[in-house]
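Order of the sequence lines sets the chain letters (A, B, ...), proteins ahead of strands, with each chain counted from 1.
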Protein chains: 4
Amino acid sequence: MLARARARYLLLMEASHSTFKQDGGASASRTFTEAARRAQIVGAAIEVIAESGYAKASFTRIAKQAGLSSTGMISYHFSGKDDLMREVVGEVLRVADAYMRPRIEAQATASGRLRAYIESNIALLKEFPNHLPAMVEVFGNLRGEDPSLREFAAAMEAVVDLQVERMREAQEAGEFGEFDPRVMVMAIRGAIDGLVTRAAKDPRIDPDVCGRELADLFERATRKADR
Amino acid sequence: MLARARARYLLLMEASHSTFKQDGGASASRTFTEAARRAQIVGAAIEVIAESGYAKASFTRIAKQAGLSSTGMISYHFSGKDDLMREVVGEVLRVADAYMRPRIEAQATASGRLRAYIESNIALLKEFPNHLPAMVEVFGNLRGEDPSLREFAAAMEAVVDLQVERMREAQEAGEFGEFDPRVMVMAIRGAIDGLVTRAAKDPRIDPDVCGRELADLFERATRKADR
Amino acid sequence: MLARARARYLLLMEASHSTFKQDGGASASRTFTEAARRAQIVGAAIEVIAESGYAKASFTRIAKQAGLSSTGMISYHFSGKDDLMREVVGEVLRVADAYMRPRIEAQATASGRLRAYIESNIALLKEFPNHLPAMVEVFGNLRGEDPSLREFAAAMEAVVDLQVERMREAQEAGEFGEFDPRVMVMAIRGAIDGLVTRAAKDPRIDPDVCGRELADLFERATRKADR
Amino acid sequence: MLARARARYLLLMEASHSTFKQDGGASASRTFTEAARRAQIVGAAIEVIAESGYAKASFTRIAKQAGLSSTGMISYHFSGKDDLMREVVGEVLRVADAYMRPRIEAQATASGRLRAYIESNIALLKEFPNHLPAMVEVFGNLRGEDPSLREFAAAMEAVVDLQVERMREAQEAGEFGEFDPRVMVMAIRGAIDGLVTRAAKDPRIDPDVCGRELADLFERATRKADR
DNA sequence: CATGAATGAGGCTTCATTCAT
DNA sequence: GATGAATGAAGCCTCATTCAT
């Protein structure tokens, strides 16, 4: 039990089960075709956001990308733009969780999990080239105006706090060197996000190489000094 | 000459002299009041962008922030929104250059300049709390649609390329360890930008501490292995 | 025959038997469940209109109020919004007729019938708090664009004409004083409708007291001068 | 002073000076042409509302009526539909005040002022055939959702309360008979509004005759019994 | 130089209605 | 009979931009 808890201690979306659960927990009350349409629209939104950016991701563009005849269709399936964006993030987190979690939990050491976290996160770029860029766009443009989005942002904050706590534990266990764990978490997140953003535009970037390099980088940065 | 060139080799805005020069090189033909008006509008834009984000930074809001009665004023002084945004970036780059360059050039070693680059960049948050967040917002939302912006983005690419080249030279000179210099540059940029974004919203973050921690982090990441 | 005709001479919905008969005369061809569904929808419409006003009474709101899952249900049972609104008025008129007619016909004098008309009309507010407000809302917002509604409005006009005629007869019979019977009818209608509208929003208003006061008022207004 | 205060004691818009003052008190900060445009739009809105009803009075129709090219123009001059409707009511009240006040204040007795109130109110229909119908439409469709409109409705309530108070004073002074003054005020208002609504659609109605008849009616209704 | 009124496109949303299942 | 997904029009509003003054 303890082992399993520690095994996933760096997973980005650890806290997501309560907040970002599939369809926000309302999936039971949705028809099959309704769920399919929502998924289709969310997919189109991810493509548009990744390609054209958050600002240009209007309902009109998303509807066109999804092959829908009108924007009314989107408003019919989502209660508003915030709702759609929440679902976009939820979809990305679900995909990322499914991909990253087993790879992280397979590692036995803290540094192994850190490497798995970084490499599997960036490896997602090959499997789902639009998912992470879209999420970075959405988060970059979210302000805490709407109450529902405020709760959303708070959940993401909680994830960061958890990661910081896990990293501190690894330090105390002697697996990492001395450093401010919060700054380290922010640096990792920022480095990954920056790389994701660039990779979305620059096809020359090879995710495999970059992932490994980035993992090496942060392994050196977290290593104990005397080694 | 060589010394001077090396002295600024990590400076973000090294290449800006051609592209982002004050008023795009048209300053000679501008009157004093015109320049003042432009500066006033750019300042207001920076405040609005930093506070409300790129999406909400409409001419209407910027005009209100600047104390102008109409948006026509902005269109009168700028050829369009892209023009204003370019000027916003230019202003930030100019301020950052003035602040960072002497601190970087004062260092004699590559690692010293890297530390000065990171620390002085983050220190800017205290002196100009809105400048860097605004620039990160603008860059995050710029797409290369407009030809004028395409050239803009290309210039920024050139800066990155230059930084990569300088870092490679330092590696060859034995001052840094082995790593992919491009990934390193992207990681540094991403980590700083991520921290800037967070600092803009979270007042608990102390730029001084974070800057030093981040510099330590990347010092370990770039250090030669045998040390 | 004459007695019976005179007995109901102030009844608002006298002419309704031809125009507003249950289900517009098509009831024979309707199944039981169909009629029940229509009644359910009409009831929900009355509640929504009374509470939120005509403008906000969309099919969506009415369906929600009726516990229906989609607006298609309403369009399926009614040929359009006009049809539904006609049925709303019909339902109110039917209820009002059932309540008011016996009370009016029980009176032997013109002034007695006038009082019974006013008091029983307002007393309806206690028994069916939403019916009259809903009808006032509908009538206030109906324009004679649609041919079917034009006929509808004409029928209501005919009722007014009939009331005017009955009132003139009472004047000639020496039961009322001298006044323009059409203005009197309009004033009575307007006073009642205004009170109904207010009572729908202001719970302090006591229908019993107001009904008696209003009847007193118009008794004085219609009384012969020499009394 | 007392005489003057009592002289206008039945005036509908007595309390309007604080709430409905010209342009809501912001007129000083408005350009001449801006004020003209606003007046033009308000006028067009009054025409459309009077003719087609509140529900059909969309910005599109109002813009067309005003000869404007787009609805954006209306949004440019008014902060929203509520703002426009408030101005519509304000305009009607201003016109009504200018017309009715001197006619009411010219009367020395309570019954004279009541008659002047009713007759001058209805006489407005000839001078401004659309004003009163439009106001009745707006008030009939207003719900207290918006806070700014809630305050608006409260102001109208205060006017009614004032009229009730004045009427009670006249009763105590022996100028009127015994009746519930609140019901009387509501009946007068309802009768006038009903007549206004009908007159807007039925050209056969002669305001002069109706006004005199209605004044006669309420004179009898308010007269002391022993006369 | 500066103003602010005007424009037209586009944004999100809601509406009544239709239709395949 | 009943459902709910789909449609297209229309609603209000905000945007960047232009132009006469």
Just how far, in rounded Å, is [atom2] of [N] from [atom1] of [X]?
X	N	atom1	atom2	result
D:Arg61	F:dA10	CZ	P	11 Å
C:Met85	E:dT17	CE	P	10 Å
A:Phe32	F:dA5	CZ	P	12 Å
B:Ile41	E:dC1	CD1	C1'	13 Å
D:Ile62	F:dA10	CD1	C1'	14 Å
C:Ile74	F:dG4	CD1	P	13 Å
A:Arg38	F:dG4	CZ	P	16 Å
C:His77	E:dT17	NE2	P	15 Å

Taking the side chain as C-beta and beyond, is there a heavy-atom pair between C:Lys64 and C:Arg61 under 4.5 Å?
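The answer is no, as the side chains (C-beta and beyond) never meet within the 4.5 Å cut-off.
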From the options [options], select the nucleotide whose nearest atom is closest to the side chain of [X].
X	options	value
C:Lys81	E:dA6, E:dT17, E:dA2	E:dT17
D:Met73	E:dT18, E:dA6, E:dC1	E:dA6
A:Ser70	F:dA5, F:dG8, E:dT17	F:dG8
A:Thr60	E:dT13, E:dT18, E:dG11	E:dG11

What does [X] touch in the nucleic acid at a heavy-atom separation under 4.0 angstrom: a base, only the sugar-phosphate, or nothing?
X	answer
D:Ser69	sugar-phosphate
D:Phe59	sugar-phosphate
D:Ser75	base

Does D:Tyr76 put a side-chain nitrogen or oxygen below 4.0 Å from OP1 or OP2 of E:dA5?
yes
Kindly say if A:Arg37 contacts the phosphate of F:dA6, meaning a side-chain N or O under 4.0 Å from OP1 or OP2.
yes
To the nearest 0.5 Å, how far apart are CD1 in B:Ile41 and CD in B:Gln65?
12.5 Å
Taking the nucleotide of DNA chain F with the closest heavy atom to each, which residue, D:Phe78 or B:Gly80, is nearer the 5' end?
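Taking each residue's closest nucleotide, the earlier one in sequence belongs to D:Phe78.
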DNA chain E in dot-bracket form (Watson-Crick or G-U pairs under 3.5 Å, [ ] crossing, | inter-strand) is .||||||||||||||||||||
If you look at every heavy atom in [X] and [Y], which pair is closest and at what distance?
X	Y	value
C:Phe59	C:Gly80	CZ-C, 4.2 Å
D:Ser70	D:Ala63	O-CB, 3.9 Å
C:Glu51	D:Arg143	O-NE, 3.6 Å

Report the residue (A:Ser58 or C:Ala55) whose heavy-atom-nearest nucleotide on DNA chain E is the more 5′ of the two.
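Mapping each residue to its closest nucleotide by heavy atoms, the 5'-most match is A:Ser58.
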Relative to the 5' end of DNA chain E, which residue comes earlier, B:Leu68 or A:Asp82, by the nucleotide with the nearest heavy atom?
B:Leu68
Determine whether a donor-acceptor pair (N or O, by modelled atom type, separation under 3.5 Å) exists between the side chain of A:Glu137 and the backbone of A:Gly53.
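No; zero donor-acceptor contacts below 3.5 Å.
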Evaluate the criterion side-chain contact (heavy atoms from CB on, under 4.5 Å) for residue pair B:Met135 and B:Glu91; output intermediate values, then yes/no.
CA-CA 9 Å; B:Met135 190 172 79; B:Glu91 157 67 12; over 6 Å; no
Decide yes or no on side-chain contact (heavy atoms from CB on, under 4.5 Å) for D:Phe78 and D:Arg86, but give the supporting numbers first.
CA-CA 10 Å; D:Phe78 295 87; D:Arg86 229 178 297 123; over 6 Å; no
Test for a donor-acceptor pair under 3.5 Å between the base of F:dC13 and the side chain of D:Thr71, counting only N and O atoms.
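By the distance-only test, yes, there is a pair.
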